[in-house]
Amino acid sequence: PCVEPPPRACRARSGNALYRICERLSRQRNRAGSGAEAAVAGRRDHLRGLILCATGVVVISPDALIIRSVDTDAWTTVGWRGMFTTVGTVVMVALLRPGDARRRVWRPTKPHLFAGALFAAASVAFVTALDRTHAASVLVIIAAGPLIASVLGRVFLRQRAAARTWVTGGAVVAGLAVIFGGSLGRGDVDGDVLALAGATCFAGYLTVSRAARPADMTPAIGVGGAGAALAGLVAGADLSVDAGDLALLALLGIVILPV
């Protein structure tokens, strides 16, 4: 309040108050703008993730078909598939990463090794499951991997999933019950168990990768490929493979799986 102050001081004080009000309104507007920009960026990232996910599903869809097409036993397939996966990952990193980033990527940390071990276990379980039961059953069970990843993310990362995820999960569980019931009647439930183990290991790989963000987890794929190759070789993989089968396995490991 100006009780007998000089007129200039009164105007200055009023001007300072008006300035502070404008500054406060400007900060609020900037915060609102930043929030709107963050929301738009979040939606854009979500859309990009959906597109990448859909593209990955399309690219990897021939996986089971190729595995069933090659004339090799399960452990030979595991070995060559793992070796080519490692080669494909190295080539992808060499082509897509500049020098400094490439050197940083190929410094595996504990999350890389842990995720790679889970990836290797998922690969072994998937291939051996296809050798023991119907491909359709294996693919349906493997498709439960994202649901299992949501459960693991909720337990270990405290991440919340949308209600529709749990509704879908209920339908998936019902489908798995039908598949396991049919396998019990046919006597090939061991293949379904292996497929479920593979889905669980792959879900673990996804969970570790999310927990390690923003670290680049590309090396984990190469580590997983090397682990699967080692498992195949220890189990007696045949290194003499027909050229046609080798070409299919190379397509699978070098192109499809790393992408």
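The minimum heavy-atom distance between Ile66 and Leu248, with the atom names listed, is CG2-O, 3.8 Å. Closest of all the heavy-atom pairs between Gly253 and Leu257 is O-CB, 4.3 Å. Between Tyr205 and Ala115, the closest heavy-atom pair is CD1-O, 3.4 Å. Nearest heavy atom pair, residue Thr76 against residue Asp238, reads OG1-N, 2.9 Å. Across all their heavy atoms, Ala228 and Val78 have their closest contact at O-CG1, 3.3 Å. Of all heavy-atom pairs between Trp75 and Ala237, the closest is O-CB, 3.5 Å.
By the criterion of side-chain heavy atoms lying less than 4.5 angstrom apart, applied directly or through intervening Ile, Leu, Val, Met, Phe, Trp or Tyr residues, Phe119 is grouped together with Leu206 in one hydrophobic cluster. Residue Val172 is not grouped with residue Phe202 when hydrophobic side chains (ILVMFWY) are merged at heavy-atom distances under 4.5 angstrom, including chains of intermediate members. Under a hydrophobic-cluster definition in which Ile, Leu, Val, Met, Phe, Trp and Tyr are linked whenever side-chain heavy atoms come within less than 4.5 Å, directly or via other members, Ile254 and Trp80 are assigned to the same cluster. A continuous path of Ile, Leu, Val, Met, Phe, Trp and Tyr side chains, each step under 4.5 Å between heavy atoms, connects Leu95 with Leu251, placing both in one hydrophobic cluster. When the side chains of ILVMFWY residues are joined at heavy-atom separations under 4.5 Å, either directly or via intervening members, Leu65 and Val127 end up in two distinct hydrophobic clusters.
By the ring-ring contact (aromatic ring centres under 6.0 Å, His included) test, Phe126 is found to be paired with no residue, residues two or more places apart in sequence or in another chain being considered.
In this structure, Asp245 contributes its side chain and Asp71 its backbone to a donor-acceptor pair below 3.5 Å. Thr86 places a side-chain N or O within donor-acceptor distance of the main-chain N or O of Gly82, the cut-off being under 3.5 Å.
Within a 6.0 Å sphere centred on CZ of Phe180, heavy atoms belonging to other residues, nucleotides or ligands number more than 12.
The side chain to side chain donor-acceptor pair (under 3.5 Å) contacts involving residues 114-132 comprise Arg132-Asp190, where partners must be two or more places apart or lie in separate chains. Among residues at least two apart or in separate chains, side chain to side chain donor-acceptor pair (under 3.5 Å) pairs with a member in residues 143-159 are Gln159-Arg210.
For the atom pair CE of Met83 and CG of Leu230, the computed distance is 10.5 Å after rounding to the nearest 0.5 Å. Rounding to the nearest 0.5 Å gives a distance of 7.5 Å between OG1 of Thr200 and CG of Leu152. Separating the CG atom in Asp192 from the OG atom in Ser137 is a distance of 5.5 Å, to the nearest 0.5 Å. Asp242 contributes atom CG, which lies 10.0 Å from atom OG1 of Thr72 (distance to the nearest 0.5 angstrom). Taking CD1 of Ile141 as the reference point, atom CD1 of Ile179 lies at 5.0 Å (rounded to 0.5 Å). Considering OG of Ser240 and CG of Leu246, their distance stands at 10.5 Å, rounded to 0.5 Å.
Of the charged side-chain nitrogens involved, none lies within less than 4.0 Å of a carboxylate oxygen, so that Arg68 and Asp63 do not count as a salt-bridged pair.
The closest side-chain donor-acceptor pair between Thr109 and His112 falls under 3.5 angstrom.
At a threshold of 4.5 Å between non-hydrogen side-chain atoms, the residues Phe84 and Val255 do not count as touching. Side-chain contact between Ile67 and Leu252 is present, with at least one heavy-atom pair separated by less than 4.5 Å.
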